[in-house]
K.L.:
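I have a structure I would like to understand better, so I am pasting it below and will then ask my questions one at a time.
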Amino acid sequence: MTLKLRRLSNALGAEVCDIDVSKPMSESTFGEIYNAFLRHGILLFRNQDISREQHIEFSRRFGELDDHKSLPRDRHPDYPELLLVTNRPNTDGSPSESRYTGRSWHTDLSYTTTPALGSLLKCYELPEVGGDTLFANMIMAYDTLSDGMKKLIADLHGIHLSGTRRINKQDAGEARRAEVMKLNPPIAQPVVRVHPETGRKALYLGEKVKRFDGMTEEESKPLIDYLNRHATRPECVYRHQWRRHDIVIWDNRCTMHQALGDFDETQLRHMERTTVMGTPSGYVVANA
Ligand SMILES: O=C(O)CCC(=O)C(=O)O
């Protein structure tokens with residue numbers, strides 16, 4: 001079978017057309033999908049009105065799945081392979097802990113020593129308008145730096161902090177903050193990451209990074225801000241407008257993303273994500 005692809009933007013992304021991911025799929029068809037994933041950084045599958053089991057089963061074809069133990073409160077109560085990104089209130093009426101998940105530029109699990117290979121996000125409920133997600137091509141971001149800048153950043157490591165380290169007490173609650181901080185010590189990751197499968201170099205940063213290892217925040221901030229700004233220029237970015245039953249998979253090793261708060265938060269937005277485990281990268285930073 002030859003896959004029918006439709007590019008989503010100049011920077012990155014392709015829609016895989018006319019595929020039902022819940023149907024049996026040959027190795028060769030999946031091989032074509034995987035090659036397209038490596039080539040385009042993100043893939044979109046529309047109209048996937050499938051069960052949670054089928055979402056998990058399709059995700060497993062990309063590799064071993066994370067059980068989200070670093071974010072226990074956001075796990076689906078019945079499916080540890082699924083992470084909830086939802087503003088649906090908890091059963092006791094309290095606000096959902098995951099209602100602001102992903103509201104800054106990041107790549108998944110970069111604050112661990114096995115950052116995610118990929119993430120498959122399925123859309124269940126959408127507000128009337130908005131609720132979009134931005135994706136940036138970090139290979140393009142790296143390639144478009146000057147040689148001088150490439151040399152300057154070649155050996156730098158950015159210290160990645162889990163989201164809850166940066167959340168204030170009112171939003172997260174002190175107990176949860178302490179729990180997640182213990183589960184997620186600060187991790188230094190190379191600023192220039194070599195993609196383990198394609199060998200391409202990509203910027204590996206985002207807004208979870210507040211300083212470089214061996215440097216102060218004050219020293220690091222101008223360069224971190226510059227690199228994040230450079231990576232998120234419109235020419236490096238695709239903006240996804242969701243439809244119900246979309247599944248989007250992104251390659252966390254060469255893209256970053258951000259969920260936008262561009263919608264009426266009294267309306268429901270409910271997404272569920274599987275996370276494909278990646279290969280080891282980075283190191284724990286003591287006393288960061
Ligand atoms: O809700 C979204 O659009 C993206 C969520 C997100 O950032 C994530 O799952 O890492």
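Numbering of ligands and ligand atoms starts at 1, following listing order. Because the structure is a prediction, the values reported are computed rather than measured. Scope of the values below: all heavy atoms of this structure, side chains included, with no hydrogens, waters or symmetry mates.
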K.L.:
Which residue holds the protein heavy atom closest to atom 8 (C) of ligand 1, what is that atom called, and what is the gap in Å?
P.N.:
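Of every protein heavy atom, Arg273 NH1, 3.2 Å lies nearest to atom 8 (C) of ligand 1.
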K.L.:
Are Asp108 and Arg273 within salt-bridge range, i.e. N to O under 4.0 Å?
P.N.:
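Yes.
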K.L.:
Specify side chain, backbone, both or neither for Gln258, according to which of its non-hydrogen atoms lie closer than 4.0 Å to ligand 1.
P.N.:
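Looking at Gln258 and ligand 1, no heavy atom falls under 4.0 Å.
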K.L.:
Using distance alone, decide if ligand 1 has a nitrogen or oxygen within less than 3.5 Å of any nitrogen or oxygen in His257.
P.N.:
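Yes, His257 has an N/O under 3.5 Å of an N/O on ligand 1.
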K.L.:
Side chains of Leu83 and Asp66: does their closest heavy-atom pair fall under 4.5 Å?
P.N.:
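Sidechains of Asp66 and Leu83: no contact.
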K.L.:
Taking transitive links into account, so neighbours of neighbours count too, which hydrophobic residues share a cluster with Trp242 at under 4.5 Å side-chain distance?
P.N.:
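For the cluster that includes Trp242, the remaining residues are Leu8, Leu12, Ile42, Leu44, Val85, Leu121, Leu126, Phe135, Tyr238, Val248, Trp250, Met271.
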K.L.:
Among all protein heavy atoms in this structure, tell me which lies nearest to atom 1 (O) of ligand 1, with the distance rounded to 0.1 Å.
P.N.:
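Residue, atom and distance for the closest contact: Arg269 NH1, 2.8 Å.
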K.L.:
Taking distance alone, with no angle check, do Asp132 and ligand 1 share an N/O pair under 3.5 Å?
P.N.:
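Checking ligand 1 against Asp132, no N or O pair falls under 3.5 Å apart.
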K.L.:
Heavy-atom pairs closer than 4.0 Å: do any link ligand 1 to the side chain of Leu83, the backbone, both, or neither?
P.N.:
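Neither; no heavy atom under 4.0 Å.
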K.L.:
Could Glu15 and Arg243 be called an ion pair, given the rule that one side-chain N must be under 4.0 Å from one carboxylate O?
P.N.:
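No, Glu15 and Arg243 are not salt-bridged.
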K.L.:
Gly102 heavy atoms, cut-off 4.0 Å: which ligand 1 atoms fall inside?
P.N.:
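Those of ligand 1 that fall under 4.0 Å from Gly102 are 7 (O).
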K.L.:
Between Tyr79 and His76, how do the two ring planes meet: parallel, tilted or perpendicular, split at 30° and 60°?
P.N.:
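Ring orientation, 0 to 90° scale: perpendicular.
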K.L.:
Considering non-hydrogen atoms of the protein only, which is the closest contact for atom 3 (O) of ligand 1, and what is the distance?
P.N.:
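I find the closest protein heavy atom is Thr133 OG1, 2.5 Å.
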K.L.:
So among Gln54, Arg52, His55, which one has a side-chain contact (heavy atoms from CB on, under 4.5 Å) with Lys122?
P.N.:
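Answer to the side-chain contact (heavy atoms from CB on, under 4.5 Å) test with Lys122 among Gln54, Arg52, His55: His55.
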K.L.:
Taking only heavy atoms of Ala259 into account, list the atoms of ligand 1 that are under 4.0 Å away from them.
P.N.:
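It comes down to these atoms of ligand 1: 1 (O), 2 (C), 3 (O), 4 (C).
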K.L.:
With respect to His106, determine whether any N or O atom, backbone or side chain, lies less than 3.5 Å from an N or O atom of ligand 1.
P.N.:
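N/O-N/O distance under 3.5 Å: yes.
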K.L.:
Please work out which of the three classes, parallel, tilted or perpendicular, describes the rings of His157 and Tyr283, given edges at 30° and 60°.
P.N.:
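It falls in the tilted class, 30° to 60°.
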